[in-house]
Amino acid sequence: MTLDELLLEWSYRTKKGYPSMGNPSDIRVLKEILEKLDLPTDNILDQLSRISEDEADKSFANKDGEPGTTGLEPSDEEDEDGDLGDDTPDNIGNLTTYDLVIKKALEAAGLWKGSMPTPQGSYKWPGEFGGTFNEQVSNADMKLWDIMFPLAPPKKGDPDSTSKGVGNGELALYWLYKYSGTVNVEEGREGDNPDLEFGGVGVEVKAYDSHTGKAGLGRFGQDTKQIKLLGMVFGLNALVAGFREKDPGKKWAPKEANPLTWNGSDLIDAFKVVQEFHNVDISQLAGIYPLFSEIEKNMKWMDENLGSWKNAEEGARKMAREFVMPKLGRKPRDGGYLASVMKNGDMRFFNIDLNKIIEREDAINHISTSQGNMKINYQEIFGNSQ
């Protein structure tokens with residue numbers, strides 16, 4: 001094993017993706033690697049410790065006796081970041097987990113030349129609430145894009161594994177925007193964070209076959225507030241439906257919409273019933289029937305959470321916005337982007353502006369749920385392509 005390979009292996013196994021002599025956990029990892037290679041572990045660790053201490057004791061003076069860091073003064077060509085005259089990321093030091101995976105893949109393809117390759121194309125980035133836009137990977141970058149598109153980083157603590165939490169295109173998009181110098185890109189996949197952070201703006205990456213059609217957002221069983229709101233809306237609807245006369249010409253009663261399975265028109269119909277209850281003096285009925293006292297209390301809570309609405313259609317749109325808020329509000333966050341990327345380099349960045357669900361009258365037609373699974377058509381709601 002060469003020194004470069006040793007450092008790469010050590011980096012893979014550290015939590016941050018790069019080792020530190022001041023971190024006991026990183027030292028333990030290095031010790032395990034050295035022992036496995038049957039190398040003089042104690043001697044090597046002692047030498048590294050001395051080097052680390054020597055570096056800490058260096059005086060801060062350059063060759064002219066002026067304050068500075070010995071041996072590390074930037075040359076005339078370097079800027080404050082240590083890069084050679086531009087603001088593109090440093091291609092040599094402090095490789096992230098994603099960088100190391102890309103480096104390994106390029107080495108296997110015989111394309112690693114000692115530093116991270118720089119994309120040749122120019123790629124736009126409008127920032128937060130910048131609107132939906134399209135991009136295409138340039139022909140000059142397609143060879144590297146093809147190699148990086150299927151890549152995924154390893155699981156923490158297991159350098160030979162592949163993380164299932166990272167989908168196709170994420171590392172390729174990371175490389176394309178970070179190393180072209182378009183925007184500072186960081187990994188953001190911890191917890192409920194978006195896949196990537198573009199200058200602090202969340203970007204969730206999905207590799208779809210098409211930029212159109214409904215896409216799944218996942219289940220919403222943990223979103224108790226939203227389930228309670230939907231339960232109230234469809235509960236009132238079910239109560240009224242129980243008193244409606246059934247169509248004698250139908251052998252089977254139609255399947256009733258419910259909080260876990262509905263489409264846009266179902267939600268509008270349910271809000272028509274809620275509107276009817278708003279037009280009734282429920283407080284008077286509540287004094288006679290305890291059931292109406294509970295209905296009055298629940299409707300007050302619903303209004304406090306949804307706000308006022310003029311008609312059933314607007315009420316349904318507000319409910320739909322509340323419905324997707326927990327998912328899109330976390331990943332990629334309001335104002336962020338859902339990046340739909342394809343193997344052929346075709347990309348569409350859907351700017352997530354949650355107010356559009358209320359402002360666009362047709363938005364309700366493109367949100368639904370089936371057996372607790374959210375679905376949304378990004379193109380129809382957020383697809384104001386530029």
Side-chain angles (χ1 to χ4, degrees), residues 214 217 219-329 353-377 380-381:
K214 282 187 178 180
L217 282 176
R219 294 188 176 275
F220 62 100
Q222 64 179 356
D223 303 324
T224 54
K225 175 185 171 184
Q226 285 66 31
I227 290 177
K228 182 178 179 180
L229 283 167
L230 287 168
M232 291 179 186
V233 173
F234 284 106
L236 290 175
N237 188 62
L239 177 64
V240 172
F243 292 97
R244 291 192 185 116
E245 183 179 357
K246 306 300 180 184
D247 186 345
K250 291 186 178 180
K251 187 175 181 180
W252 303 104
K255 187 175 181 179
E256 295 287 348
N258 60 72
L260 300 182
T261 301
W262 50 266
N263 57 39
S265 61
D266 294 328
L267 197 56
I268 292 173
D269 289 341
F271 262 87
K272 288 178 180 177
V273 174
V274 176
Q275 189 170 29
E276 290 174 359
F277 272 87
H278 269 295
N279 295 332
V280 174
D281 187 356
I282 299 180
S283 60
Q284 184 177 6
L285 293 172
I288 305 172
Y289 304 104
L291 170 64
F292 285 96
S293 178
E294 289 298 317
I295 291 175
E296 181 183 32
K297 186 193 309 180
N298 286 333
M299 288 185 64
K300 183 179 179 181
W301 183 85
M302 186 191 309
D303 291 341
E304 288 173 351
N305 283 273
L306 290 183
S308 61
W309 38 277
K310 299 189 297 290
N311 50 49
E313 288 77 10
E314 185 181 1
R317 292 197 300 272
K318 284 198 169 187
M319 181 66 248
R321 181 183 185 276
E322 188 68 30
F323 173 63
V324 302
M325 176 77 80
K327 294 291 184 183
L328 295 181
D353 182 350
L354 293 174
N355 276 332
K356 285 189 175 181
I357 296 175
I358 299 175
E359 295 166 356
R360 298 182 62 162
E361 293 185 359
D362 64 334
I364 189 63
N365 300 324
H366 308 294
I367 298 174
S368 64
T369 181
S370 176
Q371 298 180 345
N373 279 308
M374 292 183 180
K375 294 183 178 179
I376 187 169
N377 190 317
E380 294 296 336
I381 299 175

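These values consider heavy atoms only, across backbone and side chains, with no hydrogens, waters or symmetry-generated copies.
Here N298 contributes atom CG and L236 contributes atom CG; the two are 8.0 Å apart, rounded to the nearest 0.5 Å. Taking CZ of R219 as the start and CD of Q371 as the end, the distance is 7.5 Å to the nearest 0.5 Å. For the atom pair CD1 of I367 and CZ of F323, the computed distance is 8.0 Å after rounding to the nearest 0.5 Å. Here CH2 of W262 is found 7.0 Å from CE of M319. Values are rounded to the nearest 0.5 Å. Note that CG of N377 is 10.5 Å distant from CG of N365, once rounded to the nearest 0.5 Å. A distance of 9.5 Å separates CG in L230 from CD in E322, rounded to the nearest 0.5 Å.
No more than 12 heavy-atom neighbours from other residues, nucleotides or ligands sit within 6.0 angstrom of CD on E361. At most 12 heavy atoms of other shown residues, nucleotides or ligands fall within 6.0 angstrom of atom NZ in K375.
In terms of heavy-atom proximity, A320 sits nearest to I364 at CB-CD1, 3.6 Å. Closest heavy-atom contact between K214 and S368: NZ-OG, 2.9 Å. Minimum heavy-atom separation, V274 to M299: O-CE, 3.8 Å.
Counting only heavy atoms from C-beta outward, the side chains of R321 and L306 never approach each other to under 4.5 Å. Residues M374 and L328 are not in side-chain contact: their nearest non-hydrogen atoms beyond the backbone lie 4.5 Å or more apart. Considering only heavy atoms from C-beta on, W309 stays 4.5 Å or farther from R317 through its side chain. Within the 4.5 Å cutoff, the side chain of F277 has no heavy atoms near those of the V280 side chain. Contact annotation: the side chain of W301 approaches that of L229 to within less than 4.5 Å [non-hydrogen atoms, C-beta and beyond].
A salt bridge between R360 and E380 is absent, with no side-chain N of the basic residue lying under 4.0 Å from a carboxylate O of the acidic one. Electrostatic pairing of E294 and K297 counts as a salt bridge here, judged by a charged N lying under 4.0 Å from a carboxylate O.
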